[in-house]
Every structure is written in C-alpha cells, then in structure tokens.
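Not measured: the values here are computed from a predicted model. Quick note on labels: first sequence line is chain A, next is B, and so on, each numbered from 1. Note that these values count all heavy atoms, side chains included, but never hydrogens, waters or copies made by symmetry.
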Protein chains: 2
Amino acid sequence: MKIKEKLYRTAALLFEKKGYPATSVRDIAEAMQLKPSSLYSHIRHKEEILISICDLVASRFERAIEEVLSQEVSPLEQLKKVIDFHVQMAFEDPVSITVFNNEWRHLPSEELSIFVQRRKEYEAKLSGILAALGRSHALRPIAHHFILQTMLSSMLWLHRSFPKHAEGGLSEIQQSMKIFILKGILL
Amino acid sequence: MKIKEKLYRTAALLFEKKGYPATSVRDIAEAMQLKPSSLYSHIRHKEEILISICDLVASRFERAIEEVLSQEVSPLEQLKKVIDFHVQMAFEDPVSITVFNNEWRHLPSEELSIFVQRRKEYEAKLSGILAALGRSHALRPIAHHFILQTMLSSMLWLHRSFPKHAEGGLSEIQQSMKIFILKGILL
DNA sequence: TTTGCGAACAAACAATCGTTCGTATGAGTA
DNA sequence: TACTCATACGAACGATTGTTTGTTCGCAAA
C-alpha cells in the first residue's frame, strides 16, 4: 500500500519538472531505483499514473466546494472559504496541483472528456456563488465569466513558487489573496 | 520567406494543442502537406522552431515595456499601459503566447538559461514600476512580489479562451482587467 | 517443510522518435 | 542552352519509447 503512493509521488515530481510526455517510464523507474519492467507489477499503463493524480486532485476540489455549499452562510463567506481552500491546496501539495493544472490534456481521450466535464461542473458551482453575490448587488458590473476566470487564474502562480514566499505562513497568503480578489470584484 | 513563417505558425498551433514534446516532426510535416525530411530544408533542428517562437514573443514584451518606461508619465499610468499590452498580446496572438507560456521549459539548456534571465529582467522592470507606486504610498501593504506574480497570473487565462469572450472587443477586456487589478492592489 | 504469491528482474518486442544522406525537380540567371 | 540553387523527396540510421514475456527471488501462510 505504501509503495504505490511513493510511485505516484515520484512520478508527479518528474511530471512537474519535465512534463508528462517527456517523462519516460524508465525515468520513473530509475528515480525509484527499480528496473522499468518492475513498475508494471504496480501499474497497468503509464497513463494510469496521470489519471490517478488528476482524479485525486479533482476529488479534493470537489469535496471542498461541496462542503462550502452545504454550509448555510452568505455567498461572500462562501467565496472567502473557496479562496482559502485554493491557496491551502497550493500550499499543501504544490506538486500534484502543478501536474493537475499542466498535464491534464495528456489524459487518454475517455478520461479527458470526463475530466473536462468535472471541471465544468466545478466552475458552475463557483459561478453559482458569484451569481448569488451579484443578486445582492455586491459585484462590479463585469461579466461573471470574466470574474470567474480571472479569479481562478490569479491563484495559479502560487503552486509554482510557494515555499519561497510562505515565510509569513499560509494564513498570511490567504489573507492577501482574499484582499486582492475581493477588492477587485466587489463594489 | 513566406514559408518559414507558415512553418512557425503551423508548428505553434500543434505545440499549443499537444505540447512540444508530444508534437513530432512528422506531425508538423503532415500539417504542412510535406514529408518529414523536407522540413530540414528550412530548419536545422526541431528545437529551432521552439526557440524562434519564444524569442519572438519575448522580444515583443521587452520592446513594449521598454517603450512604456521611456515615456515620462506617472507609475500608475505606466502600469495601466503594461496591463493593456498584456491583454492586447493575448488578443492578437493567443497561439504564440500559449506556447511561450507553457513550453518554454523544453528549450535546450543554453537557450533556457538565457530565456529565464530575460524573464527575470522583465519582471525586475515591472517590479520597478510597482516600487515607484509604493513610494507614493498608493499600494496596499502587501509584498511586492505577491502583487507582481498575482497580477501577471491573473491575465494568463486570457489566451486560452479569448475569442469566445471578445464580443465586447479588446478595449472592454482591457478596461475590466485594469479595474480588477488596480482595485485589488491600490489603496 | 511445502505452497502460494507479490515483487523484481533481464531480455526483447514493435513502434516511433529526430535526423541524415543522396537524389530529383523545377524555376530563375548568366 | 547551361548552370545554380532552393525545395522536396525516399530510404534509412540509431536511439528511445511503452510494454510483454518468462523467470526468479524471498517472505508469509498452511
């Protein structure tokens, strides 16, 4: 049970550095001090590794937003919780998040379409929060889609260079991010 | 002279869709209705294509910020011009920008270090504008580096889905982006 | 001790990779 | 007409790709 997780973590590190297509099965094997053929005692295809990584990260995001939506607080509080969670994810597991964000297009076509669908649904739920905020006339008159994408995008740099600027700790970054985004979109 | 540009444009389209390592020379040749060996009448290596694309985009950004810095206007006005330019680039040539942003790490090591250096210098100049803004006490008390990265990152989604939301035209997006970023970072 | 099984291995597979070589074509110039 | 030169091509190269096969090792249960 332990070795499979080590395999995923090792592979994720390589995927992060060189990208999925440029990372060979032999690279992964070498990093684990194994011979290439030995990997196939634990996995069926190379693609399986990428699928697992993406699926795991996607599930975490889905669980998080589901929990936020289940809480009966104001849309503004919901949005704050979502931002906190995104920052926290980039803080706790930057490697997986990077792979998730950069390599998803290399999923095999069947899993790719499922993945795109799941992402759409996630964005739809986030969009629902923004819509509720808009109904209370708290939003600037900018297209919802613009706000959604810009908000998500503005947090995407974190996982690339987090450790360097985490001196202040997670909560400080969460605070800064909330200020930046909320001042940007709220009236 | 025309065919080389067509080659770069065709290759960039493939690099955008499948990524540089997953795009074979045979893919590029087929897309140009040529045989693989024929490409080598126009290029020396596959890497040369990526280098040219990245170099071209980098030069455009460098030229733009150089022009902004040469104008004697307030730091705030300079920052506005920079934002406008970034949006404009994503609007005019989303394909090249995507390749530039996603595939630079696959440059051969020598060109890679040059490229990283150029990017550092670009960010340093941008950071200079922010510092000037800070000296006039116009910035929120958030780390400059945080502001810089978040600002750049927030514009990075544009080139991925621009045409769909450009109904309002370039200037409307520029306007929205300026509002979002400036409200987010200014006091 | 015997049996069973997951884990690791060496060797090899067809397929695809980037690239080279020698050659053919065809348009423009002297 | 003869020559040049950029362009395109077929064929092939060694290297690397993901994966399969048959086998061996060591440990745990019976």
Using whole Å, what does the distance between atom [atom2] of nucleotide [N] and atom [atom1] of [X] come to?
X: A:Ile28; N: D:dT17; atom1: CD1; atom2: P; result: 11 Å
X: A:Leu14; N: D:dG18; atom1: CG; atom2: P; result: 12 Å
X: B:Lys4; N: D:dA6; atom1: NZ; atom2: P; result: 12 Å
X: B:Glu30; N: C:dT16; atom1: CD; atom2: C1'; result: 14 Å
X: B:Arg26; N: D:dA11; atom1: CZ; atom2: P; result: 14 Å
X: B:Leu39; N: C:dT19; atom1: CG; atom2: C1'; result: 11 Å
X: A:Lys18; N: D:dT16; atom1: NZ; atom2: P; result: 12 Å
X: B:Lys35; N: C:dC17; atom1: NZ; atom2: P; result: 15 Å

Nearest to the side chain of A:Leu34, heavy atoms from C-beta on, is which of C:dA8, D:dG10, C:dC17?
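Comparing C:dA8, D:dG10, C:dC17 against the side chain of A:Leu34, the answer is C:dA8.
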
If you check the B:Ser38 side chain, which of C:dT19, D:dA8, D:dT20 turns out closest?
D:dA8

What class does the angle between the rings of B:Phe115 and B:Trp104 fall in, given that below 30° is parallel, 30 to 60° is tilted and above 60° is perpendicular?
parallel

For the residue pair B:Phe61 and B:Phe100, categorise the inter-ring angle as parallel (less than 30°), tilted (30 to 60°) or perpendicular (more than 60°).
parallel

D:dT17 OP1/OP2 closer than 4.0 Å to side-chain N/O of A:Ser24
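Affirmative; the distance criterion is met.
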
Check this for me, if you would: do B:Lys125 and B:Glu62 make a salt bridge, where the nitrogen-to-carboxylate-oxygen distance has to be below 4.0 angstrom?
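No, this pair does not count.
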
Do the charged groups of A:Arg118 and A:Glu121 touch, with an N to O distance under 4.0 Å?
no

Side-chain heavy atoms nearer than 4.5 Å, only ILVMFWY residues, links allowed to pass through others: does that put B:Leu34 and B:Ile49 together?
yes

Pull out every residue in residues 40-54 of chain B that has a heavy atom closer than 4.0 Å to any atom of DNA chain C, ordered by number, or say none.
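Residues of residues 40-54 of chain B under 4.0 Å from DNA chain C: B:Tyr40, B:His45, B:Lys46.
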
Would A:Lys46 count as a cation-pi partner of A:Tyr20, with NZ or CZ less than 6.0 Å from the six-membered ring centre and within 45° of the ring normal?
yes

Taking the six-membered ring for Trp and the full ring for Phe, Tyr or His, determine whether the centres of A:Phe146 and B:Phe180 are under 6.0 Å apart.
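Not close enough - the centres of the two rings lie 6.0 Å or further apart.
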
